[in-house]
Amino acid sequence: MVAAACAAVLVVVATAVLAVVGVADLRQRAALAADLAALAAADRALLGTDAACGSAAVVAAANGARLTRCHVAADGVADLTVVVSLTGAAPVTVAVRSRAGPP
C-alpha cells in the first residue's frame, strides 16, 4: 500500500515537472520567433509598415508562431508580439513581445 502511494506521488511529480519543462520550451521557441520576426521587420522598416510587418509575419510563421501585433516607428524600430500555441490535453498559449532597430 505504501509503495503504491509512493509510486502515485512520483507519477504526479514527474508529470508536473514535464509540464513545467514543456512550457519553458514553448516560451523559448516563442522568444526566438519573436526576436527573429522583429529583426526581419526592422530590416524592412524603410520599405514601410506593410512590408516590414509582412516580412515579420512570414518569419514568425516559419518558426511556428503567429504575429499578433506589429508596429514600426518612424525611426525604424519594430515592436511586435508573436503567439505560440501548444495543443493537447492541456492547451497552452505563450505570447512574447520583441523590439529591434534598423541595421
Side-chain angles (χ1 to χ4, degrees):
M1 189 65 137
V2 173
C6 288
V9 169
L10 183 61
V11 167
V12 169
V13 170
T15 302
V17 168
L18 288 175
V20 169
V21 168
V23 171
D25 178 58
L26 189 65
R27 169 78 173 79
Q28 287 297 323
R29 287 192 301 139
L32 175 65
D35 289 345
L36 291 173
L39 287 169
D43 188 49
R44 300 280 189 257
L46 295 178
L47 300 176
T49 300
D50 289 340
C53 291
S55 201
V58 168
V59 170
N63 286 282
R66 183 173 44 90
L67 184 69
T68 59
R69 184 184 64 80
C70 182
H71 177 267
V72 180
D75 62 356
V77 174
D79 184 358
L80 54 83
T81 303
V82 301
V83 172
V84 176
S85 298
L86 180 66
T87 57
V92 177
T93 300
V94 176
V96 177
R97 179 179 176 192
S98 186
R99 292 172 42 105

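Heavy-atom minimum distance, A42 versus G101: CB-O, 3.1 Å. For G76 against P102, the heavy-atom pair with the smallest separation is O-CD, 3.6 Å. Summarising the geometry of A41 relative to A78, their closest heavy-atom pair is CB-CB, 3.6 Å, with the distance given to 0.1 Å. Of all the heavy atoms in A38 and R99, the pair that sits closest is CB-C, 4.1 Å.
A 6.0 Å sphere centred on CG of L46 holds no more than 12 heavy atoms belonging to other residues, nucleotides or ligands.
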Would R29 and N63 satisfy side-chain contact (heavy atoms from CB on, under 4.5 Å), going step by step from the backbone distance to the final call?
CA-CA 8 Å; R29 287 192 301 139; N63 286 282; over 6 Å; no
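Of the listed residues (D25, L26, L86), just one forms a side-chain contact (heavy atoms from CB on, under 4.5 Å) with V94, and that residue is L26.
Hydrophobic clustering of Ile, Leu, Val, Met, Phe, Trp and Tyr side chains at less than 4.5 Å, counting indirect connections, keeps V72 apart from V77. No continuous path of ILVMFWY side-chain contacts below 4.5 Å connects V83 to V96, so the two sit in separate hydrophobic clusters.
With hydrogens and angles disregarded, no donor-acceptor distance shorter than 3.5 Å links the side chain of T81 to the backbone of T68.
Taking Ile, Leu, Val, Met, Phe, Trp and Tyr as members and joining any whose side-chain heavy atoms lie under 4.5 Å apart, directly or through other members, the hydrophobic cluster of L80 also contains L67, V82.
For the atom pair L39 CG and D35 CG, the distance stands at 6.5 Å (nearest 0.5 Å).
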